[in-house]
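Being a predicted model, the structure only gives us computed values, none of them experimental.
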Amino acid sequence: MSRLRRLIQASVDATKRALSGNLDDLMPPPERPIFSFNSKKELSKWHLYSDSEFGGLSSASLQITESENGVTSGIFSGNLSLDVSEGSKWKITRGGFCGMRSKKFDGFIDLDSYDTIAMKLKGDGRCYISTIYTENWVNSPGQMEDNSWQAFVYVPEGNWYITKIPLARYLPTWRGNVIDADLEMNPSRILGMSLSVNAEGGVPGARSGPGDFRVDLDWIKALRTE
C-alpha cells in the first residue's frame, strides 16, 4: 500500500470516527504497548528458533526472572555456534543464529498512527536484529510467507537501555537478504515481531562471533514521535 493510499484511508477513517462522535479515537495515545515480559503468560506468546532446526548446534532459551526489588523481566539467552552436527543432511552456509518470534496476533495490529518501535533492553554488547512481519503483499500471490522488515539493534552492555527504531529504518528482506527495491512497509497490517542474533555480522564495534549471548527484555512499544 502506498503512502498516498494510507493517507486517504486514514482520512476516511478519521471522518467516520468524527461523525460517530468518538472523539477519543481521533488522536491515538502517544505510545502503544505491544509486548511486556513480566510473566510466564507473556513469554508464552513467543517461540524460539535457531540453526539447530537445520543441523546447527546453536541453542537458546527464554525465561522469566525477578530482581531483588521484585521487578520481573524476560531473558533471551543461549549459545551461538558455527559448527554443524555430525551427519547432518543440511548444508548450512549461514549458521550461528538464534531468535525469538512472537506467535501470530489474532488477526493483525494496526500501527499506522505510529512511526517508531521502542524496546527496553539490557544486553551484552552484541548487535541484534529486530524484525517486523506484515501481511504478504510485496511478493507474488503464490508466496505464502509473511513479508519481513528488519533493522539492527545494538544493545550496549550493562544498564537498561531504551532503543528507538523509526519504522522507516526497517528494510524489506527475503530470508535474511535485503530486497533491492523501493518498497514501503504497511504498518496497518502487522502480524508479529521477532528478535534474533547472529554469530557474524552486525554493526561495527559490536561484539560478535560464536559464544554465549544474553539480552534482558522489559517491554516493546510503538511510539508516535512526529
Side-chain angles (χ1 to χ4, degrees), residues 29-54 56-81 95-111 114 116-134 146 148-165 167 170 190-199 202-203 206-223:
E31 64 179 46
R32 173 176 176 173
I34 303 175
F35 293 107
S36 62
F37 300 90
N38 55 13
S39 68
K40 290 183 178 179
K41 181 179 179 181
E42 291 299 311
L43 294 193
S44 68
K45 297 178 181 179
W46 298 81
H47 66 85
L48 298 169
Y49 62 90
S50 70
D51 59 31
S52 63
E53 300 174 23
F54 308 99
L57 297 179
S58 299
S59 60
S61 67
L62 182 60
Q63 301 174 325
I64 195 81
T65 185
E66 184 173 323
S67 64
E68 294 181 355
N69 57 5
V71 178
T72 57
S73 59
I75 299 177
F76 172 48
S77 63
N79 182 269
L80 298 170
S81 173
F97 67 85
C98 293
M100 50 180 282
R101 176 170 176 170
S102 68
K103 298 175 182 177
K104 282 194 174 184
F105 300 120
D106 184 13
F108 56 87
I109 62 171
D110 183 353
L111 297 182
Y114 301 90
T116 301
I117 296 295
M119 306 179 190
K120 186 176 180 181
L121 310 167
K122 182 169 64 174
D124 52 7
R126 286 186 180 270
C127 183
Y128 290 78
I129 299 174
S130 170
T131 304
I132 296 176
Y133 301 97
T134 59
D146 306 329
S148 61
W149 309 77
Q150 296 184 328
F152 284 123
V153 180
Y154 171 63
V155 187
E157 185 175 4
N159 298 325
W160 285 100
Y161 170 77
I162 296 179
T163 183
K164 297 179 181 180
I165 316 168
L167 291 179
Y170 283 84
I190 292 178
L191 300 173
M193 297 181 177
S194 73
L195 188 69
S196 59
V197 59
N198 294 338
V203 299
R207 177 188 164 199
S208 62
D212 294 337
F213 70 89
R214 169 174 170 164
V215 59
D216 293 31
L217 305 144
D218 192 351
W219 47 254
I220 299 176
K221 298 178 181 178
L223 306 180

**Prompt:** Between Asp51 and Leu57, does a side chain to side chain contact (heavy atoms under 4.5 Å, CB included) hold up when you go through it step by step?
**Reply:** CA-CA 7 Å; Asp51 59 31; Leu57 297 179; 5.6 Å; no
**Item:** Pair Ser196-Ser194, side-chain donor/acceptor within less than 3.5 Å
**Value:** no
**Message:** For the CG atom of Leu121 and the CG atom of Leu195, what is their distance to the nearest 0.5 Å?
**Reply:** 7.0 Å
**Message:** Rounded to the nearest 0.5 Å, what separates atom CG in Asn38 from atom CD in Glu66?
**Reply:** 11.0 Å
**Fill in**
Distance col, row Ile165:CD1 vs Thr116:OG1, nearest 0.5 angstrom, shows 9.5 Å
**Item:** Distance, nearest 0.5 Å, that separates SG of Cys98 from CG of Leu48
**Value:** 8.5 Å
**Asked** Is the shortest heavy-atom distance from the side chain of Ser73 to the side chain of Thr65 under 4.5 Å?
**Response** yes
**Asked** Can Tyr128 and Asp124 be counted as having a side-chain donor-acceptor contact under 3.5 angstrom?
**Response** yes
**Set of residues satisfying salt bridge (charged side-chain N to carboxylate O under 4.0 Å, His left out) with respect to Glu157, sequence neighbours excluded** = none
**Rounded distance (nearest 0.5 Å) linking atom CZ of Arg207 with atom CZ of Arg126** = 4.0 Å
**Ser36 vs Glu42 side-chain heavy atoms within contact, under 4.5 Å** = yes
**Prompt:** Where is the tightest heavy-atom contact between Ile64 and Gly74, given as atom of each residue plus distance?
**Reply:** CD1-N, 4.4 Å
**Asked** Nearest heavy-atom pair of Ser130 and Val153: which atoms, and what distance?
**Response** CB-CG2, 3.7 Å
**Item:** Contact check, side chains of Ile132 and Ser148, non-hydrogen atoms, under 4.5 Å
**Value:** no
**Fill in**
Heavy atoms of Ser58 and Gly96 approach each other most closely as OG-CA, 3.6 Å
**Prompt:** Are any side-chain N or O atoms of Lys103 and backbone N or O atoms of Ser44, one a donor and one an acceptor, separated by less than 3.5 Å?
**Reply:** yes
Show every donor-acceptor pair shorter than 3.5 Å between a side-chain atom in residues 211-223 and any protein atom, with sequence neighbours excluded, or say none if there are none.
unit_1, atom_1, unit_2, atom_2, d
Asp212, OD1, Asn79, ND2, 2.9
Arg214, NE, Asp216, OD1, 2.8
Arg214, NH2, Asp216, OD1, 3.4
Arg214, NH2, Asp216, OD2, 3.2
Asp218, OD2, Lys120, NZ, 3.4
Lys221, NZ, Glu31, OE2, 3.0

**Message:** Can you give me the closest heavy-atom contact between Leu80 and Gly209, atom names plus distance?
**Reply:** CD1-O, 4.3 Å
**Message:** Do Thr134 and Leu191 have side chains that approach each other closer than 4.5 Å (heavy atoms only, starting at C-beta)?
**Reply:** no
**Leu111 side chain reached by Arg32 side chain, heavy atoms, under 4.5 Å** = yes
**Item:** Phe97 side chain near Val197 side chain, heavy-atom distance below 4.5 Å
**Value:** no
**Interatomic distance, Met119 atom CE to Ile34 atom CD1 [nearest 0.5 angstrom]** = 8.5 Å
**Asked** Closest approach of Ala118 and Lys164, non-hydrogen atoms and distance?
**Response** CB-CG, 4.2 Å
**Request:** List in chain and number order the residues that pass ring pair (Phe, Tyr, Trp, His ring centres under 6.0 Å) with Trp46, two or more places apart in sequence or in another chain; answer none if no residue qualifies.
**Result:** Phe35, Phe37
**Message:** Checking side-chain polar atoms at under 3.5 Å, does Gln150 have a donor or acceptor matched by the opposite partner on Thr131?
**Reply:** yes
**Request:** Tell me whether the guanidinium CZ or amine NZ of Arg101 lies under 6.0 angstrom from the six-membered ring centre of Tyr133 and within 45° of its axis.
**Result:** yes
**Side chains of Pro210 and Ser81 in contact at under 4.5 Å (non-hydrogen atoms)** = no
**Request:** Answer yes or no: is there a side-chain heavy-atom contact under 4.5 Å between Asn198 and Ile129?
**Result:** yes
